[in-house]
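The structure under discussion appears below in the form of structure tokens.
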Amino acid sequence: MIARKKGMIWMKAKIIDGKAVAARVKNEVKNEAERLRQNGIVPGLAVVLVGDDPASAIYVEGKKKACAQCCIRSFEYVLDKSVNREVLLELVGKLNNDPKVSGILIQSPLPEQIDESEIIAAISPEKDVDAFHARNVGKIMIGKFDFLPCTPSGIMELIADSGIKVEGAGCVVVGRSNIVGKPMAMLLLHKHGTVTICHSRTKDLASLCREADILVAAAGKPKIITADMVKPGAAVIDVGIHRLAAADSNGKKICGDVDFDAVSEVAGYITPVPGGVGPMTIAMLMKNTVTAAKLQSVNH
Ligand code: NAD
């Protein structure tokens with residue numbers, strides 16, 4: 001890892017601009033989607049929103065906007081929060097069989113009466129653009145995959161774009177969820193990082209984090225990663241998103257899992273929140289949708 005040191009003074013961390021990298025990825029996706037359209041293949045993404053969670057509605061709007069930017073058709077299905085499993089499964093079955101739909105995204109969280117894993121299992125693996133289906137998860141484990149989950153693959157894109165070397169690097173992932181922590185660890189491992197996964201029962205999180213050349217914070221706990229937990233020069237990737245009840249002393253209403261101001265004095269690279277990992281998640285969803293359209297055009 002390159003320590004960003006100038007003379008005797010530590011420089012502030014280089015801020016990794018997720019918006020810029022996401023714009024580049026979306027532009028590449030748009031070019032590919034236009035090329036497919038010339039061959040009669042129109043990529044389409046179906047987004048299913050259940051209930052009236054305001055944050056979920058904002059995410060769905062962002063996905064629809066990105067589809068429009070990337071020349072991808074979007075189809076939105078809004079279901080009442082009282083919906084039962086039969087209705088949702090029937091919709092998934094309909095979307096699985098709809099040739100206009102290349103990818104299916106079920107916006108989480110789902111209401112408590114719905115077993116999310118049953119719904120994910122019902123999505124056709126070749127339309128599973130979130131890469132949450134067990135078949136796609138298994139393919140990722142063995143390194144022979146069609147899709148990668150959007151947030152971890154977006155992080156890998158940010159790491160590559162910043163010229164950060166993963167091979168041989170000490171990588172610490174804080175969080176072991178199925179959608180972020182576990183696949184993140186696997187992708188870093190595929191790139192030959194030496195990976196440690198920390199979680200809520202890890203003993204001495206701080207000393208493990210201090211060993212990291214690449215530290216990915218995905219614990220869902222505001223500012224859990226403090227400056228004393230970061231190795232000087234490390235790359236710190238912040239996955240967390242937390243809306244604060246009131247603006248902090250810098251006037252910010254959103255923070256991540258990393259204490260950004262203090263950590264940017266120590267780290268070599270850091271992602272901001274917002275504007276870091278978040279835009280990449282959507283860009284990679286677009287990429288997966290175009291990949292799905294291509295796969296289906298070959299397989300059918
Ligand atoms: P999750 O709640 O499913 O998992 C959190 C993980 O952190 C768990 O594995 C838990 O063991 C671990 N953890 C909790 N407290 C800990 C502690 N004190 N020390 C160490 N580990 C601890 O969350 P998730 O779905 O993986 O999401 C994590 C965060 O990332 C959330 O803030 C979420 O909003 C955000 N997120 C952002 C994006 C994005 O696009 N930017 C995408 C997905 C999730």
Side-chain angles (χ1 to χ4, degrees), residues 15-19 21-22 25-26 47 53-63 65-66 105-110 112 116-117 120 129-132 137 147-159 171-188 195-212 215-226 228-230 236-245 252-260 270-288:
I15 294 176
I16 298 175
D17 185 349
K19 279 191 200 162
V21 182
V25 171
K26 282 192 288 187
V47 181
D53 175 43
S56 294
I58 292 170
Y59 291 140
V60 167
E61 269 316 302
K63 287 164 188 172
K65 195 174 143 205
L105 182 137
I106 311 287
Q107 184 64 48
S108 69
L110 290 175
E112 57 187 22
E116 198 159 328
S117 61
I120 290 169
V129 283
D130 262 334
F132 292 166
V137 174
F147 311 109
L148 291 172
C150 303
T151 301
S153 65
I155 291 171
M156 294 308 288
E157 195 78 36
L158 289 178
I159 288 174
C171 306
V172 173
V173 179
V174 184
R176 59 173 166 183
S177 71
N178 288 337
I179 64 167
V180 186
K182 283 186 212 164
M184 184 73 243
M186 198 51 60
L187 300 195
L188 289 164
V195 185
T196 303
I197 307 176
C198 298
H199 48 80
S200 52
R201 298 187 202 180
T202 294
K203 287 180 185 149
D204 201 357
L205 178 68
S207 68
L208 288 165
C209 288
R210 270 194 294 275
E211 295 296 313
L215 177 59
V216 180
K221 297 276 180 278
K223 300 190 184 182
I224 189 177
I225 304 297
T226 50
D228 60 311
M229 296 164 78
V230 174
V236 179
I237 310 292
D238 192 351
V239 186
I241 311 174
H242 309 282
R243 280 163 225 284
L244 304 169
K252 291 184 194 157
K253 284 193 174 158
I254 292 181
C255 77
D257 281 6
V258 174
D259 182 358
F260 181 87
I270 191 165
T271 59
V273 178
V277 172
M280 290 308 295
T281 299
I282 295 189
M284 301 317 275
L285 175 67
M286 299 299 114
K287 187 172 177 176
N288 281 352

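For ligands, and for the atoms within them, numbers begin at 1 and follow the listed sequence. Any value given below was found using the heavy atoms of this structure, including those in side chains, with hydrogens, waters and symmetry copies removed.
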What are the polar N/O contacts of ligand 1 with the protein below 3.5 Å, with distances?
{"unit_1": "ligand 1", "atom_1": "7 (O)", "unit_2": "Ala219", "atom_2": "O", "d": "3.4"}
{"unit_1": "ligand 1", "atom_1": "9 (O)", "unit_2": "Arg176", "atom_2": "N", "d": "2.8"}
{"unit_1": "ligand 1", "atom_1": "11 (O)", "unit_2": "Ser200", "atom_2": "N", "d": "3.0"}
{"unit_1": "ligand 1", "atom_1": "11 (O)", "unit_2": "Ser200", "atom_2": "OG", "d": "3.3"}
{"unit_1": "ligand 1", "atom_1": "21 (N)", "unit_2": "His199", "atom_2": "O", "d": "3.4"}
{"unit_1": "ligand 1", "atom_1": "21 (N)", "unit_2": "Ser200", "atom_2": "N", "d": "3.3"}
{"unit_1": "ligand 1", "atom_1": "26 (O)", "unit_2": "Ser177", "atom_2": "OG", "d": "2.5"}
{"unit_1": "ligand 1", "atom_1": "30 (O)", "unit_2": "Val239", "atom_2": "O", "d": "3.4"}
{"unit_1": "ligand 1", "atom_1": "32 (O)", "unit_2": "Ile241", "atom_2": "N", "d": "3.4"}
{"unit_1": "ligand 1", "atom_1": "40 (O)", "unit_2": "Thr281", "atom_2": "OG1", "d": "2.7"}
{"unit_1": "ligand 1", "atom_1": "41 (N)", "unit_2": "Val239", "atom_2": "O", "d": "3.4"}

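- Between the side chain of Arg243 and the backbone N or O of Lys253, no donor-acceptor pair lies under 3.5 Å.
- Between the side chain of Thr202 and the backbone N or O of Leu205 there is no donor-acceptor pair closer than 3.5 Å.
- Across all non-hydrogen atoms, the minimal contact from Val129 to Cys150 is O-SG, 3.7 Å.
- For the pair Asn288 (side chain) and Phe147 (backbone), a donor-acceptor distance under 3.5 Å is absent.
- In this structure, the side chain of Thr271 engages the main chain of Asp238 through a donor-acceptor pair within 3.5 Å.
- Few gaps surround NZ on Lys252; more than 12 heavy atoms of other groups in view lie less than 6.0 Å from it.
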